[in-house]
Amino acid sequence: VRQPVTRSVWPLVLVIVLAGLGIRVWYAAEALRVDRFVDEKYSLLNIRAIVTEGTLVPASSYYPSPFFNVPPAALVAGSQALYGRTGNPVFEAVKADGFGPPTYLLTRLVQSFYGALALWLTFLVGREVFSRQVGVVAALALAFMPWHIHASGYFKPDAQLVAMVLLAFYLALKAIETPSWRRYLLAALGIALAMSTKMTGAVVAVPLVVGTLASDWRDRKRLGLLMFAGLASAAFFVLLNPYWRFYPTWLAGLERDYAMRAARLGMTRWQIPGRVGELVTDPYTLGPWLGVLGLVALGLLVVGQMIAGGRPQRERSWRWMFLSLPVVYTAAYAWKTAYFKDNNFLPLMPFFCLATGWALIELGQGAKAVWPALKSR
């Protein structure tokens with residue numbers, strides 16, 4: 001059950017978010033040149049088109065959404081305008097033969113702020129689904145996760161996707177808590193924002209469906225709100241992506257590329273769940289100890305949901321929503337492609353951090369029951 005947040009928790013959460021932001025900004029500010037992150041060149045083609053030609057027509061089919069490209073492009077355009085007014089080369093962002101350091105810094109910083117936003121949202125989700133203590137531990141784990149730091153320091157939408165998935169999930173929790181047209185509309189917007197970041201973000205619609213059905217699948221009002229949210233999210237997506245008609249063709253090409261890579265590396269769809277487990281326990285994410293604890297905790301939460309009784313309906317619905325995302329995301333990915341790519345599973349890491357945080361807090365509570373001395377502040 002959600003606990004009221006005392007004054008002592010907010011400063012701690014703020015310290016975690018600011019520390020995480022500082023690390024990500026420092027990482028992003030290193031080596032402001034094209035050869036540091038090879039994949040940035042694809043995204044920067046769309047930035048150049050917006051800044052120099054004033055068009056949203058994608059110059060590259062990699063990450064073409066305006067929701068991803070316009071905010072950093074606006075910053076780059078501002079820097080270039082300062083260069084035009086002052087002539088100071090420090091502000092020269094776009095050159096005839098490439099980009100200046102301001103382009104790499106500004107585009108990466110946008111992702112750094114999304115990375116910090118994900119820490120805040122991880123705490124909020126943890127507070128709602130479990131407790132504020134779990135939220136703090138999970139935010140701390142994500143703040144210093146090397147892989148999330150890396151994703152928050154270069155210009156690709158991976159860090160943005162993590163933040164948008166968490167935002168959409170949080171809004172879905174609030175919609176299930178208080179079902180109304182406004183709450184479901186906000187949840188629909190969150191889903192559209194996640195989809196507009198990367199199409200894999202569409203899976204975040206599943207928790208809203210699960211939560212609605214788990215609350216009361218016979219409630220016509222809730223079912224009507226769910227249908228409304230589905231239509232609204234589709235409308236939001238079309239508004240946010242004016243060239244959405246081209247997306248199926250581009251995604252089909254990407255799917256063929258993934259199929260060839262998987263065949264070349266001998267990957268199969270049945271290996272995907274095992275690879276997810278390996279990723280969670282990798283030192284680059286949660287590491288072997290916390291990673292195994294998170295995987296075990298996720299299993300225990302599933303069992304607990306199946307056998308536990310007497311819990312408030314809201315809590316049971318939220319837990320099913322929480323558990324549905326990593327399971328359905330992994331299954332949907334395996335159904336779509338056999339090519340396992342680490343960064344595509346970054347949106348699951350906050351949920352494993354939350355499961356790990358839940359396990360650590362439960363272990364701490366158990367230790368206090370055995371050794372009363374541990375109850376001392």
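Sequence positions, counted from 1, serve as the residue numbers for this chain.
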Can a donor-acceptor pair be found, under 3.5 Å and without considering hydrogens, that links the side chain of Q80 to the backbone of V94?
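Yes.
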Answer with yes or no whether the side chains of [Y] and [X] bring together a donor and an acceptor at under 3.5 Å.
X	Y	result
N241	Y247	yes
S317	S215	yes
S65	Y243	no
Y333	N344	yes
Q133	S131	yes
Y42	N46	no

Could you give the distance from CG (L300) to CD (E362), rounded to the nearest 0.5 Å?
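Answer rounded to 0.5 Å: 10.0 Å.
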Please find the pair of heavy atoms, one from [X] and one from [Y], that lie closest to each other, and give the distance.
X	Y	answer
L298	P326	CD2-CG, 4.3 Å
R108	E40	NE-OE2, 2.9 Å
L142	R24	O-NH2, 3.1 Å
V76	T103	CG1-OG1, 3.7 Å
P72	I47	CG-CD1, 4.0 Å

All ring-ring contact (aromatic ring centres under 6.0 Å, His included) counterparts of [X], not counting sequence neighbours:
X	result
F236	none
W320	none
Y27	H150

In sequence, state the C-alpha distance, the side-chain angles, and the governing distance for D97 and K95, and then conclude on salt bridge (charged side-chain N to carboxylate O under 4.0 Å, His left out).
CA-CA 5 Å; D97 58 347; K95 301 180 179 181; 6.0 Å; no
Take D342 and R275 through the test salt bridge (charged side-chain N to carboxylate O under 4.0 Å, His left out) and record every step on the way to the result.
CA-CA 9 Å; D342 290 358; R275 291 182 181 274; over 6 Å; no
Considering only heavy atoms from C-beta outward, does the side chain of V9 approach that of F123 to under 4.5 Å?
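Of all side-chain heavy-atom pairs linking F123 with V9, at least one is under 4.5 Å.
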In this structure, which one of W10, Y114, F113 forms a ring-ring contact (aromatic ring centres under 6.0 Å, His included) with W120?
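Output: one option passes, namely W10.
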Name the one of F351, F352, W147, F340 that satisfies ring-ring contact (aromatic ring centres under 6.0 Å, His included) with F345?
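Passing option: F340.
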Quick check on the hydrophobic clustering: are L12 and L117 connected, directly or via other members, by side-chain heavy-atom contacts under 4.5 Å?
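Same cluster: L12 reaches L117 through Ile, Leu, Val, Met, Phe, Trp or Tyr contacts under 4.5 Å.
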Does the gap between the ring centers of F322 and F130 come in under 6.0 Å?
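Ring-ring flag for F322/F130: true, centres closer than 6.0 Å.
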Taking the six-membered ring of F99 as reference, does the cationic atom of R48 (NZ for Lys, CZ for Arg) lie under 6.0 Å from its centre and within 45° of its axis?
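Geometry flag: set, cation within 6.0 Å and 45°.
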Evaluate M199 against F237 for side-chain contact (heavy atoms from CB on, under 4.5 Å), listing each step before the verdict.
CA-CA 11 Å; M199 289 303 296; F237 179 79; 3.7 Å; yes
